[in-house]
**Q** 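One structure, as structure tokens, below. Some questions next.
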There are 2 protein chains.
Amino acid sequence: MMQTNNYKNNKKNIPKATIGRLSIYHRCLDLLIETDSGREKDTISSAEISKLTGGISPDQIRRDLAYFGEFGKRGVGYPINELSAILKSILGSSKKWDIIIAGAGNLGKALLRYRGFQKRGFIIKAAFDSDDSKVGNKVNGVKIISANQMEDYIKEHNIRIGIITVPVEFAQEVADHMIAGGIVSILNFAPTTLKYPAYVKLNNIDISIELERLVYFLASRKNIRIK
Amino acid sequence: MMQTNNYKNNKKNIPKATIGRLSIYHRCLDLLIETDSGREKDTISSAEISKLTGGISPDQIRRDLAYFGEFGKRGVGYPINELSAILKSILGSSKKWDIIIAGAGNLGKALLRYRGFQKRGFIIKAAFDSDDSKVGNKVNGVKIISANQMEDYIKEHNIRIGIITVPVEFAQEVADHMIAGGIVSILNFAPTTLKYPAYVKLNNIDISIELERLVYFLASRKNIRIK
DNA sequence: TAGATTGTTAATCGATTAACAATC
DNA sequence: TAGATTGTTAATCGATTAACAATC
């Protein structure tokens, strides 16, 4: 009765990294479906998916899929269209998700114009900024609203997902307002550590940290061995 | 003779995640140094750093630091300024790193204006775009150059780090040119799987995948347990 | 049937956490 | 000295890889 999907997902401990890889499989299959119309088989083996992903092993792929059910046939492979639909369903992108963006600066605007969202079922409902000169403008059809209306907007429209692209010094305050409004999933681009209650899911994307990780390998290429 | 730093770093297997955490410690210490001028002690314990990071355990912090040397005093803690300098050195940001950006679209422009780079020792030398109407313009003081000059520019200026913000369909081609020019570290924002030789280090930042990971938790909040 | 390929068990590898002796 | 806190060893936990029986 509580079960909303027809794949098993409540018995095993699923590694976090698996979810990210499912997105990759989904992306690769969709690309295959779009481009390779002359394909003779309508199934695909884990070995073939492995090649599409360019690095993830067939073992890993079978293991990841097996967490959610038995989608393949032994000796045959996985049905391409069906598997794509299953992944879509697992990842939740068969639903539509309303999101908001806090901060209509350079990064915020870049996200507002990002084409990948709609395809994956994400709909940007509004952007918020404290700069009055921006308020009222539209970017890519999305209205920029005054920051102090954000919390009410979230409540009124029942938004669950927010993206933070404000400067570091406002990030905590913005996160607090989001959570107070009812948002439970946050993607944070501000390079700082935010506090939030345990029931909220928050992922950080910190471009500086990514760059420093890269540079670490450059700096110590010769005298270090990383696992 | 090959040893360029005075901290040990060539004996142990260092988890990849450690490097990302070192960046966080560094950021927290720098913030402390900047803001807390009235602090009485010039040392800090792992427990205190833990609080600043908002979640990383003291055990984890000591373990991470211990991979590189013995920087603290038992019963006392770590010298703040010294530790910050050590982290900076480990992370390579005591050096200056020249970088280029391929793609001067919305995201590329956002990065060109991103203030965090300079502080961490990253200098954007140039941006490249195939759109002639953009070529010659400057964004935040950085010149936009024609894409077909990129490879030569990399060679001439001996650039080692590149950021890809071009659309998916050009990303592989751009990566190939970067690598041909001599770039060995790439941060890729294009949501696709790129091929590259083993000596190149490439990190992906895929906003869709991050959002899908968040949504996965939303979608299955009630009937799944994630490790 | 024989070959292919899954799904899963067992083995390995890697990372984190707990605990505590060392020592400031 | 006694209390604090590191650095490290051992234990645990988590994720990946190898291998193969099941089966299409």
Side-chain angles (χ1 to χ4, degrees), chain A residues 7-9 11-22 24-25 29 40-80 82-83 86-87 90 213 216 224-227, chain B residues 7-9 11-22 24-25 29 40-80 82-83 86-87 90 213 216 224-227:
Chain A
Y7 46 84
K8 68 178 175 187
N9 65 357
K11 291 282 173 285
K12 310 248 174 98
N13 279 359
I14 295 157
K16 282 178 201 159
T18 291
I19 310 305
R21 284 192 299 266
L22 292 183
I24 296 172
Y25 308 151
L29 288 178
E40 75 272 7
K41 289 194 297 179
D42 59 358
T43 57
I44 189 167
S45 70
S46 55
E48 217 177 336
I49 299 175
S50 174
K51 271 182 198 153
L52 293 178
T53 65
I56 302 173
S57 76
D59 285 342
Q60 180 83 77
I61 292 167
R62 293 203 305 279
R63 155 71 82 220
D64 283 340
L65 295 174
Y67 283 121
F68 298 90
E70 304 185 10
F71 306 127
K73 269 207 182 69
R74 291 163 197 234
V76 181
Y78 300 91
I80 297 174
E82 206 179 307
L83 185 57
I86 287 165
L87 288 171
I90 293 172
R213 283 175 54 183
Y216 174 77
I224 196 161
R225 187 166 41 99
I226 295 279
K227 276 198 264 211
Chain B
Y7 46 83
K8 67 177 176 187
N9 65 356
K11 291 283 172 287
K12 312 245 173 100
N13 279 358
I14 295 157
K16 281 177 201 160
T18 291
I19 309 306
R21 285 193 299 266
L22 292 183
I24 295 173
Y25 308 151
L29 288 178
E40 75 273 6
K41 288 193 298 177
D42 60 358
T43 57
I44 190 168
S45 71
S46 56
E48 216 177 335
I49 299 176
S50 174
K51 271 182 200 152
L52 293 178
T53 64
I56 303 173
S57 76
D59 285 342
Q60 181 80 79
I61 292 167
R62 293 203 304 281
R63 156 69 84 221
D64 283 341
L65 294 175
Y67 283 121
F68 297 91
E70 304 184 11
F71 306 127
K73 270 206 181 70
R74 290 162 198 237
V76 181
Y78 299 91
I80 297 174
E82 206 180 307
L83 185 58
I86 287 165
L87 287 170
I90 292 172
R213 283 174 54 182
Y216 175 76
I224 197 161
R225 187 167 39 99
I226 294 279
K227 276 197 265 208

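Convention: sequence-line order gives letters A, B, ...; per-chain numbering from 1.
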**Q** Could you check which residues of residues 44-57 of chain A get a heavy atom under 4.0 Å from DNA chain D? Sort them by number, please.
**A** Ser57(A)
**Q** Let me confirm one number: the OH-NZ distance from Tyr216(A) to Lys16(B), rounded to the nearest 0.5 Å.
**A** 13.0 Å
**Q** Calculate the interatomic distance between Gln60(B) atom CD and dG14(C) atom C1'; express it in whole Å.
**A** 12 Å
**Q** Supply the atom-to-atom distance Phe68(A) CZ to Thr18(A) OG1, rounded to the nearest 0.5 angstrom.
**A** 7.0 Å
**Q** Of all the choices, dT16(D), dG7(C), dT8(D), which nucleotide is nearest to the side chain of Tyr78(A) once you look at every atom?
**A** dG7(C)
**Q** Sequence neighbours left out, what passes side chain to side chain donor-acceptor pair (under 3.5 Å) with Arg62(B)? Give chain and number order.
**A** Ser46(B), Asp59(B)
**Q** How many whole angstroms separate atom CD1 of Ile14(A) from atom P of dG7(C)?
**A** 15 Å
**Q** Please list, chain by chain and in numerical order, all residues satisfying side chain to side chain donor-acceptor pair (under 3.5 Å) with Arg213(B), sequence neighbours excluded.
**A** none
**Q** Mind checking what makes salt bridge (Lys or Arg N to Asp or Glu O under 4.0 Å) contact with Arg63(B), not counting sequence neighbours?
**A** none
**Q** The criterion is salt bridge (Lys or Arg N to Asp or Glu O under 4.0 Å); which residues satisfy it with Asp42(A), sequence neighbours excluded?
**A** none
**Q** With rounding to the nearest 0.5 Å, note down the distance linking CD1 in Ile24(B) to CD1 in Ile19(B).
**A** 12.0 Å
**Q** Run the side chain to side chain donor-acceptor pair (under 3.5 Å) test against Tyr78(B) and tell me which residues pass, sequence neighbours left out.
**A** none
**Q** Could you pull out all donor-acceptor pairs under 3.5 Å where a side-chain atom in residues 47-55 of chain B meets a protein atom, sequence neighbours excluded?
**A**
| unit_1 | atom_1 | unit_2 | atom_2 | d |
| --- | --- | --- | --- | --- |
| Glu48(B) | OE1 | Arg39(B) | NH2 | 3.1 |
| Glu48(B) | OE2 | Arg39(B) | NH1 | 2.9 |
| Glu48(B) | OE2 | Arg39(B) | NH2 | 3.1 |
| Ser50(B) | OG | Ile56(B) | O | 2.6 |
| Thr53(B) | OG1 | Ser50(B) | O | 2.8 |
| Thr53(B) | OG1 | Ile56(B) | N | 3.3 |

**Q** To the nearest Å, how far apart are Ile19(A) CD1 and dA15(D) P?
**A** 11 Å
**Q** When the distance from CZ of Phe68(A) to P of dT6(C) is rounded to whole Å, what number comes out?
**A** 18 Å
**Q** Measure the spacing between CG of Leu22(B) and CD1 of Ile14(B) and express it to the nearest 0.5 Å.
**A** 8.5 Å
**Q** For DNA chain C, write out the stems as range with range, using runs of 3 or more consecutive Watson-Crick or G-U pairs with both distances under 3.5 Å.
**A** C:3-24 with D:3-24
**Q** Each nucleotide in nucleotides 18-24 of chain D should get exactly one letter: B, S or -. Can you fill that in based on protein heavy atoms under 4.0 Å?
**A** BB-BBBB
**Q** I want to confirm an ordering. Mapping Lys41(B) and Asp64(A) to their closest nucleotides on DNA chain D, which one lands closer to the 5' end?
**A** Lys41(B)
**Q** Taking NZ from Lys16(B) and C1' from dG14(D), how many angstroms apart are they, rounded to a whole number?
**A** 15 Å
**Q** Given atom CG of Leu65(B) and atom P of dT8(D), what is their separation to the nearest angstrom?
**A** 12 Å
**Q** Please report, rounded to the nearest Å, how far the C1' atom of dT6(C) is from the CD1 atom of Ile86(A).
**A** 14 Å
**Q** Tell me the interatomic distance from Glu70(A), atom CD, to dT9(C), atom P, rounded to whole angstroms.
**A** 11 Å
**Q** Using 0.5 Å steps for rounding, measure from the OH atom of Tyr25(B) to the CG atom of Leu83(B).
**A** 10.5 Å
